Amino acid sequence: MQIKDMQYKRPDIQKFKSAMDEITENIKQSASVDEILALREKKLNLGRELNTASALCSIRYTCNTADEFYEKENDFWDEISPEIQNIELNYGAALLNSPLRSQLEKALSDVYFRYLEIESKAMSETIIPDKIEENKLVTDYTKLMSGLEYEFRGKKMSRPELAGFFKSEDRDTRREAYQVLGDVLNENKEQLDDIFDRLVKIRSDMAIKIGCKDYVELGYYSMRRVSYDVEDISKFRKNVLSSITPVVSRLRTENAKRIGIDRFMFYDDGIVVKGGDPKPVGTKEDIFNAAHDMYHAMGTETGSFIDMMLENDAFDVVARKNKCGGGYCTYIPDYKQPFIFANFNGSADDVDVMTHEAGHALNAYLTGNNRFADEIGCGGMETAETHSMSMEFFAWKYINNFFGENSEKYKFMHALQNLSFIPYGTIVDYYQHIIYSQPNLTPKERCSVWKELESEYRPFICLDGIPFIEDGRRWQYQSHIYEAPFYYIDYCLAQTAAFGFLLKSLENYDDAFAKYMALSKQGGEKYWPLLLNEAGITFPFEDGALSALSSKVEKIIESLVC
Ligand SMILES: [Zn+2]
């Protein structure tokens with residue numbers, strides 16, 4: 001069925017609640033494993049119905065934020081989501097505390113119960129009001145940021161439009177664009193500080209109320225981290241500092257010289273290819289055709305996947321007024337249908353939509369019938385991003401169809417930017433660890449923390465010249481820090497796995513792709529470390545784990561210099 005024909009209906013939450021309460025109560029009373037398993041099936045049906053409505057609302061709202069009906073529905077979902085989380089929590093607790101638990105674990109899986117345990121630690125009825133308040137503060141931030149206007153060279157524009165100039169080949173243009181960004185954000189810095197301060201306080205309060213040491217602990221539970229802990233991430237940071245930062249510093253400094261830059265400034269970070277970023281050739285239709293051919297060439301399953309996506313019109317990629325920015329992939333469970341949202345702008349990002357976002361969509365398609373598809377999905381976010389980021393590299397074999405004569409330039413840019421991303425993403429994550437373990441830092445102290453991390457992880461970049469940046473405020477337009485705490489490191493972890501797949505694919509493409517597909521199909525069944533192990537990909541937490549990877553990727557990048 002085409003997405004546009006899928007009907008949205010606001011669910012009756014009271015009905016959902018009483019049905020769920022009944023299921024939970026019956027699980028508590030039950031003395032039969034089979035009966036509990038049947039109750040779980042009932043719960044899955046209710047959940048699918050709810051998530052289908054929620055996904056359809058979110059799709060329609062983000063595609064047109066001026067639609068009054070879906071704006072109201074969107075508010076409804078914002079308000080109701082902590083309550084739903086709590087209802088699910090009671091259901092999970094009934095399974096966890098069941099006297100039949102060990103038999104249930106055998107019938108389902110220990111991975112499934114580990115997820116239930118983590119979720120039970122992340123939520124409690126006592127924090128529902130705080131969660132609602134947190135959602136409101138996040139909305140305040142989103143509204144503030146999306147409402148800001150930037151006047152650049154006499155023209156008023158949005159931040160995504162202004163950001164186009166951060167990649168200009170002309171250095172003065174880049175500097176001026178950042179100057180405009182810094183000036184506008186500086187005018188709003190008190191508000192940005194205030195919203196964040198209140199978020200830190202409310203998140204820290206919730207952590208204490210729920211019995212955690214601090215929000216770092218609660219944040220990990222909220223992210224459903226089952227595969228690694230704070231200690232592992234600390235080891236990962238060491239690996240980034242010893243193996244990735246030196247290579248990125250060297251590559252970026254040398255590359256800057258090639259472009260004619262002697263002192264690498266903050267506003268030079270967006271440019272890696274002399275003559276400007278390579279752009280895809282052809283129209284939107286050409287990109288869709290190239291994607292169609294690529295997924296068919298990759299194999300039968302990927303071919304059926306892309307046919308299904310095109311047939312059901314599961315894309316909205318044209319940029320227009322009143323459409324949200326950015327891109328995402330979501331899933332409509334009742335129809336087992338992935339959906340891809342993007343804003344094509346003629347840059348290489350348009351191709352990422354067909355590789356990265358379609359990588360997520362492919363995964364949802366491959367795991368739609370898995371037994372834990374509705375509850376665990378493909379696994380953690382690090383696993384989801386492993387699917388999408390690796391697909392970006394598997395697309396290299398077919399990249400000619402998208403970039404024509406610019407293909408080598410694209411590969412160079414893609415690899416160098418993605419490697420450079422790892423130290424940046426690590427800063428974003430480390431920053432949050434520090435902030436939430438010392439919640440009483442002043443806004444000024446928080447900015448000093450950011451600046452120190454920049455000089456440690458990205459020592460090649462000079463932050464002077466743009467007041468907002470110079471003051472250590474770069475994090476204030478990194479929306480994840482406000483909106484999705486502790487999410488960011490998963491991109492970095494997945495990036496190392498994706499580079500692992502790139503190296504494998506250059507040795508033996510078919511074998512690497514078969515391993516990738518095998519990994520992609522196991523959503524919800526195995527932990528990320530085991531999945532990596534089966535695919536022969538290095539686990540990034542061991543001592544020195546990134547050293548060989550980093551030097552091999554450096555050689556690839558050097559071979560692509562253009
Ligand atoms: Zn992604």
Side-chain angles (χ1 to χ4, degrees), residues 55 58-59 62 160 163 222-225 227-228 287 291 294-295 302 305-306 309 314-317 324-332 337-345 347-368 373 376-396 402 413-415 417-422 424-426 428-429 478-502 516-517 519-524 528 531-532 535 537 540:
S58 159
I59 289 168
T62 50
S222 300
M223 283 299 302
R224 311 207 298 170
R225 295 260 152 87
S227 296
Y228 52 87
I287 291 177
M294 175 178 83
Y295 284 108
T302 45
F305 153 73
I306 198 71
M309 291 293 284
F315 297 88
D316 188 321
V317 301
C324 280
Y328 66 78
C329 170
T330 190
Y331 187 65
I332 311 165
Q337 178 65 56
F339 168 78
I340 290 176
F341 174 98
N343 284 278
F344 272 21
N345 62 9
S347 77
D349 295 346
D350 298 356
V351 175
D352 287 351
V353 173
M354 306 312 285
T355 56
H356 182 104
E357 297 306 340
H360 285 304
L362 170 67
N363 185 254
Y365 171 79
L366 292 174
T367 58
I376 310 180
C378 68
M381 293 312 304
E382 77 292 319
T383 311
E385 293 302 327
T386 299
H387 300 136
S388 56
M389 290 174 155
S390 304
M391 183 52 91
E392 292 178 33
F393 286 126
F394 281 112
W396 275 25
F402 295 98
M413 174 181 80
H414 183 210
Q417 277 181 342
N418 286 20
L419 192 67
S420 308
F421 171 77
I422 297 173
Y424 173 71
T426 305
V428 172
D429 182 67
Q478 183 58 62
S479 61
H480 297 72
I481 292 180
Y482 287 78
E483 295 169 356
F486 293 108
Y487 187 111
Y488 224 64
I489 200 66
D490 290 332
Y491 290 125
C492 303
L493 301 175
Q495 191 63 72
T496 67
F499 274 121
F501 271 117
L502 171 68
Y516 167 79
M517 288 294 278
L519 179 147
S520 295
K521 287 176 185 171
Q522 300 194 60
W528 190 61
L531 292 172
L532 292 192
I537 302 284

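In listed order, ligands and their atoms are each counted from 1. Heavy atoms only: backbone and side chains are in, while hydrogens, waters and symmetry mates are out. Residues take their numbers from the sequence shown, with the count starting at 1. Source: prediction; values computed, not measured.
Here Cys329 does not reach the Zn ion (ligand 1): none of its N/O/S atoms is less than 2.8 Å from the metal. At a threshold of 2.8 Å, the Zn ion (ligand 1) has a backbone or side-chain N, O or S atom of Glu385 nearer than that distance.
The Zn ion (ligand 1) lies closest to atom NE2 when only the N/O/S atoms of His356 are considered. Checked against the Zn ion (ligand 1), the N, O or S atom of His360 at the shortest distance is NE2.
In this structure, Tyr365 has its ring center no closer than 6.0 Å to that of Tyr331. Phe393 has its ring centre less than 6.0 Å from the ring centre of His414.
Checking Gln417 against Ser420 by side-chain atom types alone, no donor-acceptor pair falls below 3.5 Å.
Distance check, rounded to the nearest 0.5 Å: CD of Gln495 to CG of Asp490 gives 12.5 Å.
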